[in-house]
Amino acid sequence: MPMGHTATAQAGSGGLTATEHRLANGLRVVLSEDHLTPVAAVCLWYDVGSRHEVKGRTGLAHLFEHLMFQGSGQVKGNGHFELVQGAGGSLNGTTSFERTNYFETMPTHQLELALWLEADRMGSLLAALDEESMENQRDVVKNERRQRYDNVPYGTAFEKLTALAYPEGHPYHHTPIGSMADLDAATLEDARAFFRTYYAPNNAVLSVVGDIDPGETLAWIEKYFGSIPSHDGKQPPRDGTLPDIIGEQLREVVQEEVPARALMAAYRLPHDGTRACDAADLALTVLGGGESSRLHNRLVRRDRTAVAAGFGLLRLAGAPSLGWLDVKTSGGVEVDRIETAVDEELARFAAEGPSPEEMERAQAQLEREWLDRLGTVAGRADELCRYAVLFGDPQLALTAVGRVLDVTADEVREAARAHLRPDNRAVLVYEPVEPADETEDSGDAAQTAGTDAHEGADK
């Protein structure tokens, strides 16, 4: 049987607890009881994302996420969806720079089914992976790229900014969606090698949260996952280290059919899991986190030069995080005017820091977001996996808010002073152009959304 230990409730955890275990094949297991409602969440994180990809094979992690829903040794075709939804559950999967995850929320009495399904595809997906499923999902992913990136206003902004913020050759230079050329180039053998390398129990964390009996749940996990062999061929991701500051302003003007001019920027910020990253998160919340933020008050309410202004944080553990600025202009306002106002507000904040009221509001906002995540069984399962995979300790998920509440106003001001500056950002300026004349349909429209039952890819 697996070895494990039971954690007691930690200070600041709100009374939540989690137990940790490890199977002989290396699978890490985290269990958290919650008997409030008769449901259970299963979450499985594999330690693989787009940062593990190599040049010429971008998008493979995301493509493989789709392939995981195409059948396995004992579950044919779309059977994973059919069985979970037929049992009253919900499910999906997502891909990011740093991980790929799969999750189900089930009525408690159907928990064993979810565990069996996840174990079946971890242990036997290669038995079902063939050219037909490869081509089917390749087309689905390409269509997803068209619908979510290439054919929507501002759709490629994230891709463009990350390519600017992370230099050529950096593991985060490309986004999880991948390029059309690389998706076309991926072969069935590429997919099989990817599975053998990364979809092994010793490269995964399984969390189960909710109305569970820990002993019974652990016995099921050992029964279904315990015989799956480990694999030791994984290479660590390439080093994502970069200087704290970009050192210059990187800039690109994009002329596209968009509704309004826009200013978008990505600032290089501290790595996730650090106190400095928490301080930066608070700074961005004060500056652009909602309608009470400084940028919204300045640009939308006072100057009326923008219809929307926000500032958010993309937390990354293996590379500098990104502060994401997004401002859509009002009427015919020029972007230069917006940029001047943004820089004035950032400079003022770097000099003065947040007021006591702003600190209290920002910390309360981040605390509420933490409570929202841990308040559902699915959200808690995901957070436990996140901290286990990225930081080696799932217990950190239960006390994360305490670290945010411990940050001082001086640390928030210093985070802004050190990072929110013109020589540390990649900038996109969107300039609208008139729509092109209608041309004959190229045939892409035949790729409809109905071909994809799976909608959860995380970019």
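Starting from 1, each residue takes its place in the sequence as its number.
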Chi angles and distances behind the side chain to side chain contact (heavy atoms under 4.5 Å, CB included) call for Thr162, Tyr172:
CA-CA 7 Å; Thr162 53; Tyr172 292 69; over 6 Å; no

Keeping His271 on the side-chain end and Cys277 on the backbone end, is there a donor-acceptor pair under 3.5 Å?
no

Tell me if a side-chain donor or acceptor on Arg294 pairs with a main-chain N or O of Val286 at a distance below 3.5 Å.
no

Over 60° means perpendicular and under 30° means parallel, so tell me whether Tyr199 and Phe195 are parallel, tilted or perpendicular.
parallel

Is there side-chain contact between Arg403 and Leu396, with heavy atoms separated by less than 4.5 Å?
yes

Are any of the side-chain nitrogens in Glu383 or Arg380 under 4.0 Å away from the carboxylate oxygens of its partner?
no

Suppose the criterion is salt bridge (Lys or Arg N to Asp or Glu O under 4.0 Å): which pairs have a residue in residues 233-247, not counting sequence neighbours?
Asp47-Lys234

Distance only, no hydrogens: is a donor on one side chain within 3.5 Å (strictly under) of an acceptor on the other, for His62 and Glu53?
no

Can you label the angle between the His170 ring and the Tyr166 ring as parallel, tilted or perpendicular, going by 30° and 60°?
parallel

Please tell me if the side chains of Lys55 and His173 come closer than 4.5 Å, counting only heavy atoms from C-beta onward.
no

Hey, does His419 have a side-chain heavy atom less than 4.5 Å from the side chain of Pro270?
yes

Would you please say whether a donor-acceptor pair under 3.5 Å links the side chains of Arg99 and Thr94?
yes

Which value, rounded to the nearest 0.5 Å, describes the distance between Thr217 atom OG1 and Leu206 atom CG?
10.0 Å

With the side chain counted from C-beta on, respond yes when Val404 and Glu367 share a heavy-atom pair under 4.5 Å apart, and no when they do not.
no

Tell me, which pairs form a ring pair (Phe, Tyr, Trp, His ring centres under 6.0 Å) where one or both residues lie in residues 293-313, sequence neighbours left out?
Tyr267-Phe311

Decide yes or no for Pro167 and Leu242: does some side-chain heavy atom of the first lie under 4.5 Å from some side-chain heavy atom of the second?
yes

Exam field: side chain Thr108 to backbone Val39, donor-acceptor pair closer than 3.5 Å:
yes

Validation row: Leu287, Leu420 side chains within 4.5 angstrom (heavy atoms):
yes

Going from CD1 on Ile221 to NE2 on His21, what distance comes out if it is rounded to the nearest 0.5 angstrom?
8.0 Å

Please determine whether the number of non-hydrogen atoms from other residues, nucleotides or ligands lying under 6.0 Å from atom CD of Glu360 exceeds 12.
no

Are any side-chain N or O atoms of Asp393 and backbone N or O atoms of Tyr387, one a donor and one an acceptor, separated by less than 3.5 Å?
no

Please enumerate all residues that pass salt bridge (charged side-chain N to carboxylate O under 4.0 Å, His left out) together with Glu118, with sequence neighbours excluded.
Arg121

Could you go through Asn25 and Ser230, starting from their C-alpha distance and side-chain angles, then the distance that decides it, and tell me whether this counts as side-chain hydrogen bond (donor to acceptor under 3.5 Å, both in side chains)?
CA-CA 5 Å; Asn25 59 11; Ser230 61; over 6 Å; no

Would you please say whether a donor-acceptor pair under 3.5 Å links the side chains of Tyr154 and Glu256?
no

Indicate yes or no: at least one non-hydrogen side-chain atom of Leu117 is less than 4.5 angstrom from one of Val42.
no

Look at the aromatic rings of His80 and Phe69 and report parallel, tilted or perpendicular, splitting at 30° and 60°.
perpendicular

For Glu257, does the CD atom sit with more than 12 other heavy atoms under 6.0 Å from it, leaving out its own atoms?
yes

Got a donor-acceptor contact below 3.5 angstrom from the Gln363 side chain to the Leu405 backbone?
yes

Once you measure the plane-to-plane angle for Tyr46 and Tyr102, does it fall in the parallel (<30°), tilted (30-60°) or perpendicular (>60°) bin?
perpendicular

Checking Leu164 against Leu428 for the side chain to side chain contact (heavy atoms under 4.5 Å, CB included) test, could you report, in this order, the C-alpha distance in whole Å, the side-chain angles of both residues, the deciding distance, and whether it holds?
CA-CA 9 Å; Leu164 287 173; Leu428 287 186; 4.3 Å; yes

Ignoring hydrogens and angles, tell me if any N or O in the side chain of Arg261 forms a donor-acceptor pair with the backbone of Gly332 under 3.5 Å.
yes

Would you please classify the geometry between the Phe158 ring and the Phe97 ring as parallel, tilted or perpendicular, with 30° and 60° separating the classes?
perpendicular

Does Thr100 reach the main-chain N or O of Gly49 with its side chain, forming a donor-acceptor pair under 3.5 Å?
no

Could you check whether any side-chain heavy atom of Val427 comes within less than 4.5 Å of a side-chain heavy atom of Gln249, counting everything from C-beta outward?
yes

Would you find a donor on one side and an acceptor on the other, under 3.5 Å apart, between the side chain of Gln110 and the backbone of Pro107?
no

Under the side-chain hydrogen bond (donor to acceptor under 3.5 Å, both in side chains) definition, can you give me all pairs with a residue in residues 308-325, not counting sequence neighbours?
Asp272-Arg315, Asp278-Arg315, Asp281-Arg315

Within this structure, what is the CE-CG distance for the pair Met122 and Asn203, rounded to the nearest 0.5 Å?
9.0 Å

Keeping Asn202 on the side-chain end and Gly26 on the backbone end, is there a donor-acceptor pair under 3.5 Å?
no

Would Thr19 and Leu218 count as a side chain to side chain contact (heavy atoms under 4.5 Å, CB included) if you check the C-alpha gap in whole Å, the side-chain angles of each, and the deciding distance to 0.1 Å?
CA-CA 11 Å; Thr19 63; Leu218 201 55; over 6 Å; no

What pairs with Glu159 under salt bridge (charged side-chain N to carboxylate O under 4.0 Å, His left out), at least two apart in sequence or on another chain?
Arg145

Go through it in stages, so that I can follow the logic: the residues are Arg368 and Asp372, the test is salt bridge (Lys or Arg N to Asp or Glu O under 4.0 Å), and I'd like the CA-CA distance, side-chain angles, deciding distance and then a yes or no.
CA-CA 6 Å; Arg368 177 187 55 78; Asp372 285 345; 3.2 Å; yes

Salt bridge (charged side-chain N to carboxylate O under 4.0 Å, His left out) against Glu345, all qualifying residues, sequence neighbours excluded
Arg298, Arg348

Against Arg425, only a single residue in Glu339, Glu248, Glu252 fulfils salt bridge (Lys or Arg N to Asp or Glu O under 4.0 Å); can you say which?
Glu339

